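Okay, structure first, notes after.
Numbered from 1 within each chain, the chains take letters A, B, ... in sequence-line order. Quantities reported herein were computed from a predicted structural model and do not represent experimental measurements. Scope of the values below: all heavy atoms of this structure, side chains included, with no hydrogens, waters or symmetry mates.
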Number of protein chains: 2
Amino acid sequence: MKATMKDVAKLAGVGVGSVSRVINNVPVKDSTRKKIESAIKELNYEPDIYARGLKMNKTSTIALILPTVWHPFFSEFAYHVESELEARDYKLYLCNSDGKSEKEYEYIQMVKQNKVDGIIGITYSEIDQYIFSSLPFVSIDRYFVEDVIYVTADNAEGGRMAAKELAKRGASHLAFIGGYQETPNETKNRRKYFEIEAQNLGIPCDTLNLLEPIEDLEKEVERFLTEHPTIDGIFTINDLAALDVIRIAEKLGKKVPEDIQVIGFDGLKMTRETNYLVTSIAQPLEEMAKAAVSLLLQVVEGKEVQRRTILPVSFQEGTTTKKVKDAAKIK
Amino acid sequence: MKATMKDVAKLAGVGVGSVSRVINNVPVKDSTRKKIESAIKELNYEPDIYARGLKMNKTSTIALILPTVWHPFFSEFAYHVESELEARDYKLYLCNSDGKSEKEYEYIQMVKQNKVDGIIGITYSEIDQYIFSSLPFVSIDRYFVEDVIYVTADNAEGGRMAAKELAKRGASHLAFIGGYQETPNETKNRRKYFEIEAQNLGIPCDTLNLLEPIEDLEKEVERFLTEHPTIDGIFTINDLAALDVIRIAEKLGKKVPEDIQVIGFDGLKMTRETNYLVTSIAQPLEEMAKAAVSLLLQVVEGKEVQRRTILPVSFQEGTTTKKVKDAAKIK
DNA sequence: CTGTTAGCGCTTTCAC
DNA sequence: GTGAAAGCGCTAACAG
């Protein structure tokens, strides 16, 4: 049924070695190459990746572990990772961990079985124990105790930027709203440096920081905004949270951006294309994906690479903040 | 370095055959099973999937080809497919085709090389020629000339439903707005049966149907709505288009849902969680994913399956249409 | 340059 | 039941 290398060799009247050479672009005499190539075409031959993988101990496959691909941040990241890998003839296993560390562990095991060349992981749960340094692993947004390589956007600068931009637009009472996980990760810097910058600017700042999974976000945010009625500038942990906050604020009779300005984080395609253009601190998703892939493949090849890669964020103006000139006028 | 079956056999003092049997749950004497299991644990042994795949000619892997995973419809679908496969110990290759048939073809080839067990594809380009019937392939939303298995939501009923629901809410001038590709696919029925139902109901209906990729959607929609100022009920090809249309309508000074009611299609998590809750004809995404996986795996096992699977859609009320009682009052 | 050959790690007869 | 042995399709080392 399916043609094998032996079949090709027989049809071309050569040895399997030569066929292998042609497949792998090792120099061969031109006449034999011709014969082999036409035999390959005739038999519609495709090399068996599994046999090759077995032999070479290399799979040209990596796994991407993320909480859930339906979340736009992750799916956009996945998109860029796949594009980058495709360009390098790598394949991508997609793994939804659903945030459960058991499932993440399962995938790491699966990965070992499959001899995937490496893993890119966005994981906020406790899998430190499973990440051994011999495993080619690039982490996104998250650092582990062991020296795992990681790539992240400049969350600290993002936090500062949000505070500055809100201040520039006349906000006089800032707030941070977001959720967090217990494991340490880079996203916490968004809040931390936002608060620090607010203090530097001399603007009061309150925080609503809930442990995930969040029970009743709506009620919490409502209470928070009611307790602090003068809040007029909010920075949220991400764009989706910004959408939630906006909805709740409007429900409470506040207008965005007139009464309350909101800045999210991520700068997703999704929220860019939606009718509600959320002002956001944009992560350089494509660059992050490229960096992650590039680092991982270097590690796979046994090269030494830098442990931390921090990429710059940018301010992406939408309709949930005032124009700077308006703010100036109002002020 | 990495433990192999032989190592386990040696440590356990048995033959490799027995180890293989334990791995594959073939009956063995209880005492030897014990020995083998502890040896496996001690060596932290994991079977090599590639060697197994080579031997068994089976990979427990399928590929999912979709236009781009960053689109929420596709990523949500991908999520469900992965969940379903995970439950059956299958792995998922993710492929973004970007709508280019060359890339889709590449993936089909890749798939042949990898001996992926099968493919689930959402593909709107001309790859009919590459889909040969011996390839286990399940198509979503798209039927091919050859008898390829496909799964789809009931787009025809969705179109009818949209017209009925708009009528029920007092709309007196309907419109369909959407984009289309030249290849035949199920989504076209949304428009077709919407128009038919509008006619049945005796309500005028205009259509703006643009060939994708759309040059300047905004301008086109603006012109369309300006030319037909009495339109008060719009059905769009999907939720994202609905968001666009809403934004443009509001820019033109129309209020949603007061002046214009809008119904989208898909019923995505994303648009459900966003502050703008788009009324939508929801596709049963999870069921579609389950059906696709189930059908594909049956085909892989050589079973005969039904060619067409059509799953019911449902009306998902949001904030872009009026409440029925209000509409009644107004009327 | 090229044919032959020895495995890669696993499953699966086949005797014992 | 269980060990030994024959490959699955491929690559790479070795002779020619």
Side-chain angles (χ1 to χ4, degrees), chain A residues 1-40 43-61 89 91 109-117, chain B residues 1-40 43-61 89 91 109-117:
Chain A
M1 185 74 233
K2 190 168 185 307
T4 152
M5 191 173 255
K6 226 189 263 174
D7 302 327
V8 176
K10 203 192 304 172
L11 180 63
V14 298
V16 288
S18 297
V19 179
S20 175
R21 280 170 205 123
V22 169
I23 298 287
N24 294 292
N25 276 316
V26 177
V28 218
K29 215 202 310 179
D30 224 51
S31 61
T32 51
R33 148 161 278 118
K34 285 267 168 27
K35 280 190 292 186
I36 292 169
E37 278 171 349
S38 72
I40 287 176
L43 293 172
N44 193 20
Y45 167 74
E46 291 283 347
D48 182 321
I49 287 270
Y50 279 74
R52 175 184 276 164
L54 173 59
K55 189 70 189 167
M56 313 258 277
N57 224 48
K58 203 227 181 223
T59 63
S60 295
T61 299
D89 277 322
K91 284 128 228 137
Q109 287 300 113
M110 181 196 100
V111 150
K112 274 176 64 188
Q113 296 172 26
N114 276 289
K115 299 195 307 182
V116 177
D117 293 344
Chain B
M1 185 75 232
K2 190 167 186 309
T4 150
M5 192 172 255
K6 225 189 265 175
D7 302 327
V8 176
K10 204 192 304 174
L11 180 64
V14 299
V16 289
S18 297
V19 179
S20 173
R21 281 171 203 124
V22 170
I23 298 287
N24 295 293
N25 277 317
V26 177
V28 215
K29 215 202 307 179
D30 223 48
S31 61
T32 52
R33 146 163 278 117
K34 284 269 170 20
K35 280 190 292 184
I36 292 170
E37 277 170 350
S38 72
I40 287 177
L43 293 172
N44 192 22
Y45 168 74
E46 290 283 348
D48 182 320
I49 286 271
Y50 278 74
R52 175 183 277 165
L54 173 59
K55 190 72 189 163
M56 313 257 279
N57 223 47
K58 201 217 183 235
T59 63
S60 294
T61 299
D89 275 322
K91 285 128 227 137
Q109 286 300 112
M110 181 195 99
V111 149
K112 275 176 63 190
Q113 296 173 24
N114 277 289
K115 299 196 306 185
V116 177
D117 293 344

Rounded distance (nearest 0.5 Å) linking atom [atom1] of [X] with atom [atom2] of [Y]:
X	Y	atom1	atom2	answer
Y45(A)	L11(A)	OH	CG	13.0 Å
I40(A)	M5(A)	CD1	CE	8.0 Å
K35(B)	K29(B)	NZ	NZ	7.5 Å
I49(B)	L54(B)	CD1	CG	12.5 Å

[X] side chain near [N] phosphate (N/O to OP1/OP2, under 4.0 Å):
X	N	answer
T4(A)	dC8(D)	no
T32(B)	dG1(D)	no
Y50(A)	dT11(D)	no
S18(B)	dG3(D)	yes

- Item | Pairing of R52(B) and D48(B) as salt bridge, 4.0 angstrom limit | no
- Using a heavy-atom cut-off of under 4.0 Å over every strand shown, decide if P27(A) touches base, sugar-phosphate, or nothing. nothing
- Looking for any heavy atom pair under 4.0 Å, which part of the strands does M5(B) touch: base, sugar-phosphate only, or nothing? base
- So, K2(A) side chain and E46(A) main chain: donor-acceptor pair closer than 3.5 Å or not? yes
Please report, rounded to the nearest Å, how far the [atom2] atom of [N] is from the [atom1] atom of [X].
X	N	atom1	atom2	value
I49(A)	dC10(D)	CD1	C1'	11 Å
K35(B)	dG1(D)	NZ	P	14 Å
K6(B)	dT11(C)	NZ	C1'	15 Å
K10(B)	dC10(C)	NZ	P	14 Å
K58(A)	dA12(D)	NZ	P	12 Å
I40(A)	dC10(D)	CD1	C1'	13 Å
R33(A)	dC1(C)	CZ	P	11 Å
M56(A)	dA13(D)	CE	P	11 Å

Would you indicate which nucleotide in [options] comes nearest to any side-chain atom of [X]?
X	options	value
R21(B)	dA4(D), dA13(D), dC10(C)	dA4(D)
V14(B)	dG3(D), dC10(D), dT11(C)	dG3(D)
L54(B)	dG9(C), dG3(D), dT11(C)	dG9(C)
N24(B)	dT11(D), dT11(C), dG9(D)	dT11(C)

- On DNA chain D, check which nucleotide each of N57(B) and K29(B) is closest to and give me the residue with the more 5' one. K29(B)
- Message: Pick the closest DNA chain C nucleotide for K55(A) and for I23(B) by heavy atoms, then say which residue is nearer the 5' end.
- Response: K55(A)
- Does V16(A) or S31(A) map to a spot on DNA chain C nearer the 5' end, using the closest nucleotide for each? S31(A)
